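Before any comments, here is the structure.
It should be emphasised that the depicted structure is a prediction, and the values quoted were computed from it without experimental measurement. Any value given below was found using the heavy atoms of this structure, including those in side chains, with hydrogens, waters and symmetry copies removed. Both counts, for ligands and for their atoms, begin at 1 and track the order of listing.
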Amino acid sequence: MKFATKVIHAGILPDPATGAVMTPIYQTSTYAQEAPGKHKGYEYARTQNPTRTVLEENLAALENGIRAFCFGSGLAAMDAIIRLLEPGDEVILSNDLYGGSYRQMVKVHARYGVVSHFVDMQDPKNVAAAINDQTKLIWIETPTNPMLQIVDIEAVCQQAAGKNILVCVDNTFASPYLQTPLDLGADLVLHSATKYLGGHSDVVLGAVIVKDTAIAEKLAFLQNAIGAVPGPQDCFLVLRGIKTLHLRVERACKNARKVAKFLNSHPKVGKVNYPGFKEHPQHKIAKKQMRDYGAMVSFDLLKDSFDDAVKVLSNTQLFTLAESLGGVESLIGHPASMTHASIPRKERLKVGLTDSLIRLSVGVEDVDDLIDDLEQALVNL
Ligand SMILES: *Cc1c(COP(=O)(O)O)cnc(C)c1O
């Protein structure tokens, strides 16, 4: 099955009980048994729920894995993955990591003896240098937030090969429409389905997809033993969102390309970060491992002024000032005062995260209206 068919059909059959074409929301906590232990495969809804099962089978197909596991959020999914490790184990992670993932590693898992190393993965040699006998997991995020750096997934997986080290890719920014890390050598894929998979900014949900049965069994155990599962209505919303994933991401990428070009030629704009530009330092890697360049764009102002950035953010009409990304509507954010405010300014500047850096999640509106909106917000600086 090709991708556009999978999003609509993989794992999805008319409901066996009624023939309902859309997967029903099985709003139940438990299931009747005919005799003790004699049941239809469903005993208790933390362990299994038919709406969740359909979503998990669909996600496994989209990422070319064998099984998927859904959780109450992307961070709950991450927590389950880290619990595959033992105290004393070490993890190597991207240094330009989603803030919540960073916080979970240093404020939660560190207390239980899991050691984190943050390295610049733009050069896979930095990963090789950080590997030691205790290394059990490599955590890649690509494209990164908000600098839109690209990590060569295949090259990093090669560094881990034969060393009994798992590689997990947080595929939230790309979505499986643009990139399938399991095909490039990764062992696990993480999604915040809150973003592109859900796609309508109306649900919080996470998922892990794997390609190995032994890891699948451990995660199935953890999913049930810890119990951070999503409710059936949230599973339904993500299933519904996924049906148009390819259409939404295709259009959002097209819009982002035009928005990035517009910004790049604007006299008030400084540097534009967009992996689709030939000048982007990892453009070739993006071209190799992604179907398109994504719909996230960040840029700063030629005069690097915090106040001017705030003016732009306050003046857009269509771009809504908000955290998150990946919905049909375009969002605008200011990392220095919002998502990355907790990182000291000196550290922010080291990675190019200037005071005026603005991040866009480009949606699927008419691109002419989006460009007009940015133009009117920039013109009066
Ligand atoms: C949002 C996000 C997460 C966390 O997901 P939640 O669903 O908010 O828990 C993890 N990684 C990335 C890249 C994200 O954007």
M22 side chain near P14 side chain, heavy-atom distance below 4.5 Å: no
Selected option - heavy-atom contact closest to atom 8 (O) of ligand 1, from S361, S324, S192: S192
Does this structure show an ion pair linking [X] with [Y], if we count only N-O contacts that are shorter than 4.0 Å?
X    : Y    : result
E56  : R52  : yes
D79  : R83  : yes
D368 : K258 : no

Shortest non-hydrogen contact between R359 and L325, atoms and distance: NH2-CD2, 3.9 Å
L75 contact mode with ligand 1 (heavy-atom cut-off under 4.0 Å): both
Any N or O of G74 closer than 3.5 Å to N or O of ligand 1: yes
Aromatic ring pairing Y102/F118, orientation class (parallel under 30°, perpendicular over 60°, tilted between): tilted
Top protein contact for [atom], by heavy-atom distance:
atom                    : answer
atom 11 (N) of ligand 1 : D170 OD2, 2.6 Å
atom 3 (C) of ligand 1  : Y98 CE2, 3.4 Å
atom 14 (C) of ligand 1 : K195 NZ, 3.0 Å

Per-atom contacts, ligand 1 versus T194 - under 4.0 Å to a heavy atom: 7 (O)
